[in-house]
Engineer: 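The structure's right below; bear with me while I get my questions together.
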Amino acid sequence: MWLRRIFTFAGSALLVIGAFVPFLGVRLLHDRTYWQLSTTGAIVLLALAGVSLVIAAFRKFNWLYLTGLGSLGL
């Protein structure tokens with residue numbers, strides 16, 4: 001049970017960090033973060049990370065599929 005929580009907390013932290021890390025390394029487009037490309041999408045990602053933390057706190061790990069699919073969809 002604790003291992004699931006640790007992985008959920010680590011995944012949520014990576015999702016938050018990933019919204020601010022440059023992911024396009026093309027010289028013509030400069031280094032852009034997801035926050036710079038789509039502010040609304042980045043806010044949704046941060047909200048999904050927060051919801052995942054709440055789900056882990058209440059030990060309802062089956063609901064993590066929804067937040068995972070939502071973040072993957074973005």
Side-chain angles (χ1 to χ4, degrees):
M1 189 66 71
W2 284 102
L3 192 60
R4 286 184 181 179
R5 276 189 169 180
I6 290 172
F7 280 127
T8 303
F9 291 147
S12 296
L14 287 175
L15 195 60
V16 169
I17 291 169
F20 302 106
V21 173
F23 70 95
L24 287 177
V26 180
R27 281 190 183 176
L28 298 175
L29 297 175
H30 305 288
D31 289 335
R32 300 285 181 164
T33 64
Y34 194 65
W35 185 268
Q36 292 170 337
L37 291 174
S38 173
T39 306
T40 306
I43 291 172
V44 171
L45 276 180
L46 295 175
L48 286 172
V51 170
S52 295
L53 289 174
V54 171
I55 289 171
F58 287 114
R59 297 183 181 133
K60 302 292 184 185
F61 297 106
N62 291 334
W63 289 91
L64 288 174
Y65 290 113
L66 294 175
T67 58
L69 288 174
S71 62
L72 185 63
L74 285 173

Engineer: Can you give the donor-acceptor pairs under 3.5 Å from side chains of residues 39-48 to other protein atoms, not counting sequence neighbours?
Structural biologist:
| residue | atom | partner | partner atom | Å |
| --- | --- | --- | --- | --- |
| T39 | OG1 | W35 | O | 3.2 |

Engineer: Under the rule for side-chain contact (heavy atoms from CB on, under 4.5 Å), what residues qualify as partners of R4, not counting sequence neighbours?
Structural biologist: F61
Engineer: Please list, chain by chain and in numerical order, all residues satisfying ring pair (Phe, Tyr, Trp, His ring centres under 6.0 Å) with F7, sequence neighbours excluded.
Structural biologist: none
Engineer: Show which residues join I6 in its hydrophobic cluster (side-chain heavy-atom contacts under 4.5 Å, direct or indirect), or state none.
Structural biologist: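 Members besides I6: none; it forms no cluster.
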Engineer: Compile the donor-acceptor pairs under 3.5 Å between side chains in residues 64-73 and protein atoms, sequence neighbours left out, one pair per line.
Structural biologist:
| residue | atom | partner | partner atom | Å |
| --- | --- | --- | --- | --- |
| T67 | OG1 | S52 | OG | 3.0 |
| T67 | OG1 | L64 | O | 3.0 |
| S71 | OG | T67 | O | 3.2 |
| S71 | OG | G68 | O | 3.0 |

Engineer: Tell me whether L15 is reachable from L74 by hopping between hydrophobic residues (I, L, V, M, F, W, Y) whose side-chain heavy atoms are closer than 4.5 Å.
Structural biologist: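 Same cluster.
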Engineer: Linking directly or through intermediates, with side-chain heavy atoms under 4.5 Å: list the remaining ILVMFWY members grouped with V54, chain and number order.
Structural biologist: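 Joined to V54, directly or through intermediates: F58.
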